J.: 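Could you have a look at this structure, given as structure tokens, before my questions?
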Amino acid sequence: MIQRVVPGTLVVEHSADQAARVASACIARALVEGIGRSGSATIALSGGKTPRDTYVALAREPGVDWTKVRVFWVDERAVAPTDDRSNYRWGKATLIDGARIDADHVHRMPADGADLDAAAREYEQTIRTWVSASTGGTPSFDVVVLGAGDDGHTASLFPGEPTVDIMDRLVAPVAALGAREARLTITRPMIERARNTIVLVLGAEKRGALERAWAPRGDVHDTPVRLVAGCRGTLTWIVDDAACGPA
Ligand code: 6PG
């Protein structure tokens, strides 16, 4: 039997479709709560393929007043916003167009500029302008949606790279490596301060990453998704049987 220590709540669904429906409902609930509490809500979207069906379902959730929601990203690749690898492109095609969210409420990460360090500072300023601060002064998204890579990365915090230790910036540039393009990513304090964090992990190829994420002992430098154990808000893992593996 694999030993697991799962920080937060674990929801295991039989299929990826069902997991997307559950994730969508969970995110919608958190947005409605945020709007109820303060009159508006903020969400930061992860990229990759995993959350696309969730975003399509989320756009159709009844009860979310999308005129009161602002959309951000947890990370972005240094590609044009029309590129197939752009996280903005997929967030737009699924959630933003589906829910008809006003362009003024959509805050794309500008990772396609020449100066990524300046772009990171600019996006930090955008976050500080629109996302209200928790105690301690760090802005708190109402919802942060995260995924996990096969190598255990989350957002664009990769194993063995120094970005995972950045605590004095909200957004950081990530250098290109091999075939991987440069990126922008939110940092650990932004993840830890979210009111609700949903980690969506689907598919058998993610099994190893989840085992390392939930191993009783391990290092965030080897498996950055382990850092969600430090989340101060509500943390929910939503996974499918294929990713979870035998208990
Ligand atoms: C990105 C993501 C990233 C993603 C994982 C999983 O832009 O790469 O935000 O953190 O969540 O890489 O990606 P898949 O869902 O495609 O497996």
Side-chain angles (χ1 to χ4, degrees), residues 13 15-17 19-20 23-24 27 43-58 71-96 107-112 116 119-120 123 141 143-161 163-164 166 171-188 190-191 194 197-213 220 222-228 231 235-240 242-244:
E13 293 297 333
S15 67
D17 283 354
S24 156
I27 296 168
I43 180 169
L45 305 179
S46 70
K49 295 195 175 78
T50 303
R52 291 179 192 168
D53 290 344
T54 296
Y55 297 157
V56 169
L58 181 58
V71 182
F72 298 79
W73 273 262
V74 305
D75 67 347
E76 183 57 283
R77 298 111 187 254
V79 297
T82 48
D83 193 284
D84 198 52
R85 288 187 50 72
S86 161
N87 290 341
Y88 167 80
R89 180 216 148 128
W90 284 101
K92 179 168 176 356
T94 54
L95 175 63
I96 290 152
H107 303 284
R108 180 176 85 83
M109 267 185 162
D112 51 333
L116 267 194
Y123 204 66
F141 287 121
V143 183
V144 168
V145 182
L146 293 174
D150 308 4
D151 61 355
H153 79 260
T154 195
S156 281
L157 304 169
F158 289 93
E161 296 187 19
T163 23
V164 81
I166 296 176
V171 183
V174 180
L177 186 70
R180 188 190 80 204
E181 63 286 275
R183 297 170 175 222
L184 288 181
T185 186
I186 61 168
T187 56
R188 195 166 169 173
M190 283 303 303
I191 294 173
T197 304
I198 285 117
V199 192
L200 183 63
V201 186
L202 307 176
E205 67 280 10
K206 299 290 170 69
R207 218 176 255 198
L210 278 186
E211 268 170 30
R212 291 197 305 285
V220 290
D222 301 327
T223 310
V225 70
R226 288 180 69 92
L227 68 80
V228 299
C231 284
L235 170 64
T236 311
W237 296 80
I238 301 175
V239 310
D240 62 357
C244 202

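Every number for a ligand or one of its atoms is a count from 1 in the order of the listing. Computed from heavy atoms alone, side chains included, the values below leave out hydrogens, waters and symmetry copies. Bear in mind the structure is a predicted one, so any value in this text is a computation, not a measurement.
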J.: Any carboxylate oxygen within less than 4.0 angstrom of a Lys/Arg side-chain nitrogen, looking at Glu211 and Arg226?
T.: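 No salt bridge links Glu211 with Arg226.
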J.: Would you say Lys206's side chain and Gly149's backbone share a donor-acceptor pair under 3.5 angstrom?
T.: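 Flag not set: sc Lys206 to bb Gly149 has no pair under 3.5 Å.
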J.: Walk me through whether Leu157 and Ile191 qualify under side-chain contact (heavy atoms from CB on, under 4.5 Å).
T.: CA-CA 11 Å; Leu157 304 169; Ile191 294 173; 4.0 Å; yes
J.: Is it the case that the side chains of Asp75 and Thr185 hold a donor-acceptor pair, with the cut-off being a distance below 3.5 Å and no angle test?
T.: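 There is no such pair between these side chains.
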J.: Check ligand 1 for N or O atoms under 3.5 Å from a protein N or O and list each pair with its distance.
T.:
unit_1	atom_1	unit_2	atom_2	d
ligand 1	7 (O)	Asp75	OD1	3.3
ligand 1	7 (O)	Asp75	OD2	3.1
ligand 1	7 (O)	Arg77	NE	3.0
ligand 1	7 (O)	Arg77	NH2	3.1
ligand 1	7 (O)	Asn87	ND2	2.8
ligand 1	8 (O)	Arg77	NH2	2.7
ligand 1	8 (O)	Arg183	NH1	3.1
ligand 1	9 (O)	Gly47	N	2.9
ligand 1	9 (O)	Asp75	OD1	2.7
ligand 1	9 (O)	Asp75	OD2	3.0
ligand 1	10 (O)	Ala155	N	3.3
ligand 1	10 (O)	Ala155	O	2.6
ligand 1	12 (O)	His153	NE2	2.7
ligand 1	15 (O)	Lys49	N	3.2
ligand 1	15 (O)	Thr50	N	2.9
ligand 1	15 (O)	Thr50	OG1	2.5
ligand 1	16 (O)	Lys49	N	2.8
ligand 1	17 (O)	Lys206	NZ	2.7

J.: Quick one: ring pair (Phe, Tyr, Trp, His ring centres under 6.0 Å) partners of Tyr55, sequence neighbours excluded?
T.: none
J.: Tell me whether the guanidinium CZ or amine NZ of Arg183 lies under 6.0 angstrom from the six-membered ring centre of Phe158 and within 45° of its axis.
T.: no
